[in-house]
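Everything numeric in this text was worked out from a predicted model, so none of it was measured. Excluded from the calculations below are hydrogen atoms, water molecules and symmetry mates; all remaining heavy atoms, backbone and side chain alike, are included.
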Amino acid sequence: MLARARIIARELAISAATPQARADACLDLLDELGSDSRVEGFRRALHALPVDERHYWIGTLYTLMLPSKVRRSQATYFTPPAVADAVVDLAIEAGFNFAQDDVLDPAAGGAAFLSTIAGRMATAGLAAKDVAYRLNGIEIDAGLATLSRRLIADRLGAALPRDIIVVDDALKAKIPAAYGLVIANPPYGRMSIEEVRGRAWRRVAHSGHINKYALFAELCFRHAKPGGVVALVIPSSFRAGPLYDRMRSFIRSRGEVLTIGSIAGRDGVFLDVAQDISVLIVRKGKAHRADAKVRFPIVGVTCSATPIVEQALPPKSGDVWPLPAIDPQTVGGATLADYGVGAKAGYFVWNREQTRLVSKLGGRRGFPLIWAKNVRSGALCRPSGKKGIQTDFVTFAEDSAAVIRSAAAVMQRTTNDKQPRRLIAAMVDPAVVARWGGFVTENHTIVLTSENPEQLALAVALLNTSAVDQRYRRVSGTAAVSVTLLRKLDLPLPAVFREALRDADGDAEAAALAAYRVHAKMVEA
């Protein structure tokens with residue numbers, strides 16, 4: 001369906017260059033009969049789908065028609081129907097009463113939430129007019145607002161007596177009311193200090209790291225009534241990112257955190273988004289109690305038979321929120337420091353200092369550069385040029401602590417949605433230091449060092465296992481690997497993992513699982 005939507009979008013975008021024209025082209029697909037032969041196959045496919053799926057693909061078609069710069073700036077990525085349904089269910093469990101409460105979506109997009117709620121209200125027997133006066137949305141894109149109003153009307157089977165969705169920037173708009181449910185899948189992306197208004201942003205962000213979704217979270221809490229529910233679909237980076245400590249503290253100060261759900265898998269859930277996504281459900285009111293248990297379900301993609309974990313948040317409000325294992329008691333009990341391994345971010349930012357990046361030293365003082373692409377699990381890491389043809393060197397005017405002269409390993413600092421692992425590490429070939437006296441790495445890497453090469457190799461074997469990769473994903477919600485989180489990552493004790501590795505005849509995957517289980521038995525004993 002996506003491939004067909006992309007083809008249709010390219011054809012329609014040529015003539016539909018304005019927001020209204022894009023909306024008209026998409027709205028034409030709501031009808032079972034049309035005159036544009038280019039879209040007839042797509043139209044028939046749409047009308048074979050359930051209404052929520054049909055609306056999702058019509059909205060998605062609109063986003064695919066947007067110029068890429070506009071799409072990125074507006075972060076226009078719609079909530080899939082399965083996720084929207086699951087989030088609404090969680091909001092109802094938290095106390096949202098769709099027979100009584102008013103609703104606000106300040107980032108209405110393709111009306112995934114408002115349309116879903118409208119359908120629920122209509123099924124419960126509410127008149128279309130009553131539903132229309134209970135739902136409220138804000139959308140920055142005029143064409144998308146027009147499209148979304150029609151989708152809601154189509155869901156209700158009646159014309160709307162008012163503009164449910166107004167065209168505005170929610171972060172700048174005046175919102176006079178308070179709502180029983182404030183629900184959003186807000187845009188995300190960095191903002192400069194010059195782009196924000198007022199001082200409310202200080203509650204959820206640091207001046208050098210202001211993200212749109214943090215500002216939308218603050219807005220949602222501000223406009224939920226006491227006892228109301230805030231339901232957010234946001235990047236998981238807020239759960240563990242060091243610069244989201246204010247946001248975590250703010251959320252806990254504004255209400256009871258009920259659910260922190262994970263949407264399984266980065267790829268394929270949100271169109272063209274390689275991002276781990278969380279669902280946050282909070283009941284606004286008294287501050288979150290330190291002993292209150294929070295539910296950690298898997299949301300919206302598949303129905304899991306696994307019991308939902310319940311676990312208290314950390315005692316300090318700004319500390320990292322966990323993404324717990326199935327059994328929170330199954331821990332390794334060690335960190336990289338117990339392996340005698342240190343970690344630091346790569347040093348060289350090549351596009352800022354291109355004059356120092358050379359293919360031949362020619363008598364100048366310098367060292368070979370290891371790129372992230374040189375790192376492959378299970379193979380020794382050696383410097384190879386950015387284009388894979390020759391070795392690149394970084395020149396130095398004087399001695400520098402950035403030069404690695406000891407036993408070391410290198411990790412990729414960022415991964416993409418096509419890579420099955422978040423953690424990818426490789427030992428650096430000792431011949432590199434022997435030949436050039438040291439090396440440096442680029443800023444998209446993390447360097448692991450140790451005075452004990454054997455312990456370092458043991459740690460690298462462990463980091464490349466699925467068991468450890470999954471544990472890292474539970475504390476990190478971004479494609480970038482955090483040095484801070486890596487240092488704190490729960491690992492099996494070195495002696496336990498080494499013994500398990502011997503018992504498993506060198507199978508690191510099996511050994512890692514066994515080592516975690518051994519520590520769990522030790523704790524129980």
Mark yes or no for whether [X], through its side chain, and [Y], through its backbone, hold a donor-acceptor pair below 3.5 Å.
X      : Y      : result
Arg283 : Ala94  : yes
Asn211 : Ala214 : no
Lys286 : Glu256 : no
Ser450 : Pro453 : no
Asp507 : Leu501 : no
Asp105 : Ala184 : no
Asp469 : Leu423 : yes
Gln412 : Val375 : yes
Glu139 : Gly109 : yes
Arg413 : Ile446 : no

Taking the side chain as every heavy atom from C-beta outward, state whether [X] and [Y] have any atom pair closer than 4.5 Å.
X      : Y      : value
Leu336 : Leu489 : no
Val87  : Thr79  : no
Cys220 : Pro106 : yes
Pro297 : Thr259 : yes
Lys212 : Glu195 : no
Phe393 : Ser359 : no
Arg376 : Cys381 : no
Trp321 : Gln311 : no

Quiz item: Does Arg471 make a cation-pi contact with Tyr516, if we ask for NZ or CZ under 6.0 Å from the ring centre and within 45° of the axis?
Solution: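 Yes; both conditions hold, so Arg471 lies above the ring face of Tyr516.
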
Quiz item: Is the shortest side-chain N to carboxylate O distance from Arg295 to Glu93 below 4.0 Å?
Solution: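 Looking at Glu93 together with Arg295, the answer is yes, because their closest N to O distance falls below 4.0 Å.
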
Quiz item: Do Glu499 and Arg502 meet the salt-bridge criterion of a basic N to acidic O distance under 4.0 Å?
Solution: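 The answer is no: the pair does not qualify as a salt bridge.
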
Spacing of [X] atom [atom1] and [Y] atom [atom2] [to the nearest 0.5 Å]:
X      : Y      : atom1 : atom2 : result
Ser249 : Lys316 : OG    : NZ    : 11.0 Å
Leu232 : Ile281 : CG    : CD1   : 7.5 Å
Thr395 : Leu357 : OG1   : CG    : 8.5 Å
Asp169 : Ile140 : CG    : CD1   : 4.0 Å
Ser236 : Ile260 : OG    : CD1   : 10.0 Å
Leu448 : Met411 : CG    : CE    : 6.0 Å

For the student: nearest non-hydrogen atoms of [X] and [Y], plus distance:
X      : Y      : value
Phe238 : Arg248 : O-NH1, 2.8 Å
Val294 : His288 : CG2-CE1, 3.7 Å
Pro383 : Asn374 : CA-OD1, 3.9 Å
Thr465 : Ala512 : OG1-CB, 3.7 Å
Tyr339 : Ala459 : CD2-CB, 3.9 Å
Ser377 : Asn464 : OG-CG, 3.3 Å

In a table with atom names and distances, give each donor-acceptor pair under 3.5 Å that connects a side chain of residues 428-444 to protein atoms at least two apart or in another chain.
from, atom 1, to, atom 2, distance (Å)
Asp429, OD1, Ala431, N, 3.0
Asp429, OD2, Arg382, NE, 2.8
Asp429, OD2, Arg382, NH2, 3.1
Thr441, OG1, Thr445, OG1, 2.8
Glu442, OE1, His444, N, 3.4
Glu442, OE1, His444, ND1, 2.9
Glu442, OE2, Ala372, N, 2.8

Exercise. May I ask you to check whether Thr335 and Arg487 show a side-chain donor-acceptor distance below 3.5 Å?
Key: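 Note: Thr335 and Arg487 side chains miss the donor-acceptor criterion.
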
Quiz item: Are Tyr213 and Tyr244 close enough that their ring centres sit under 6.0 Å apart?
Solution: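 Yes, the ring of Tyr213 comes within the 6.0 Å limit of the ring of Tyr244, centre to centre.
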
Quiz item: Do Phe250 and Phe221 have ring centroids that are under 6.0 Å from one another?
Solution: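 Yes: the rings meet the under 6.0 Å criterion.
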
Exercise. Take Trp201 and Ile193 through the test side chain to side chain contact (heavy atoms under 4.5 Å, CB included) and record every step on the way to the result.
Key: CA-CA 9 Å; Trp201 65 269; Ile193 192 70; 3.1 Å; yes

Quiz item: Would Asp392 and Trp350 count as a side-chain hydrogen bond (donor to acceptor under 3.5 Å, both in side chains) if you check the C-alpha gap in whole Å, the side-chain angles of each, and the deciding distance to 0.1 Å?
Solution: CA-CA 11 Å; Asp392 292 327; Trp350 72 272; over 6 Å; no

Practice problem: Check step by step if side chain to side chain contact (heavy atoms under 4.5 Å, CB included) holds for Thr449 and Ile404. | Solution: CA-CA 8 Å; Thr449 56; Ile404 309 300; 4.1 Å; yes

Practice problem: Check the angle between the aromatic planes of Tyr347 and Phe396 and answer parallel, tilted or perpendicular using the 30° and 60° thresholds. | Solution: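 Geometry flag for Phe396 against Tyr347: parallel rings.
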
Quiz item: Going through the distances and angles, do Leu462 and Leu491 end up as a side chain to side chain contact (heavy atoms under 4.5 Å, CB included)?
Solution: CA-CA 8 Å; Leu462 180 62; Leu491 303 173; 3.9 Å; yes

Practice problem: Quick one: list whatever passes side-chain hydrogen bond (donor to acceptor under 3.5 Å, both in side chains) with Asp89, sequence neighbours left out. | Solution: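 Partners of Asp89 by the side-chain hydrogen bond (donor to acceptor under 3.5 Å, both in side chains) criterion, ordered by chain and then number, come out as Arg120.
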
Practice problem: Start with the C-alpha distance between Glu509 and Arg421, add both sets of side-chain angles, then the distance that settles salt bridge (Lys or Arg N to Asp or Glu O under 4.0 Å), and finish with yes or no. | Solution: CA-CA 13 Å; Glu509 294 285 357; Arg421 296 286 175 84; 2.8 Å; yes

Exercise. Give a yes or no on this: more than 12 heavy atoms of other residues, nucleotides or ligands lie within 6.0 Å of atom CD of Glu454.
Key: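 Check fails, neighbour count at 12 or below.
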
Quiz item: Could you go step by step and tell me if Val447 and Ile370 meet the side chain to side chain contact (heavy atoms under 4.5 Å, CB included) rule?
Solution: CA-CA 10 Å; Val447 182; Ile370 290 179; over 6 Å; no

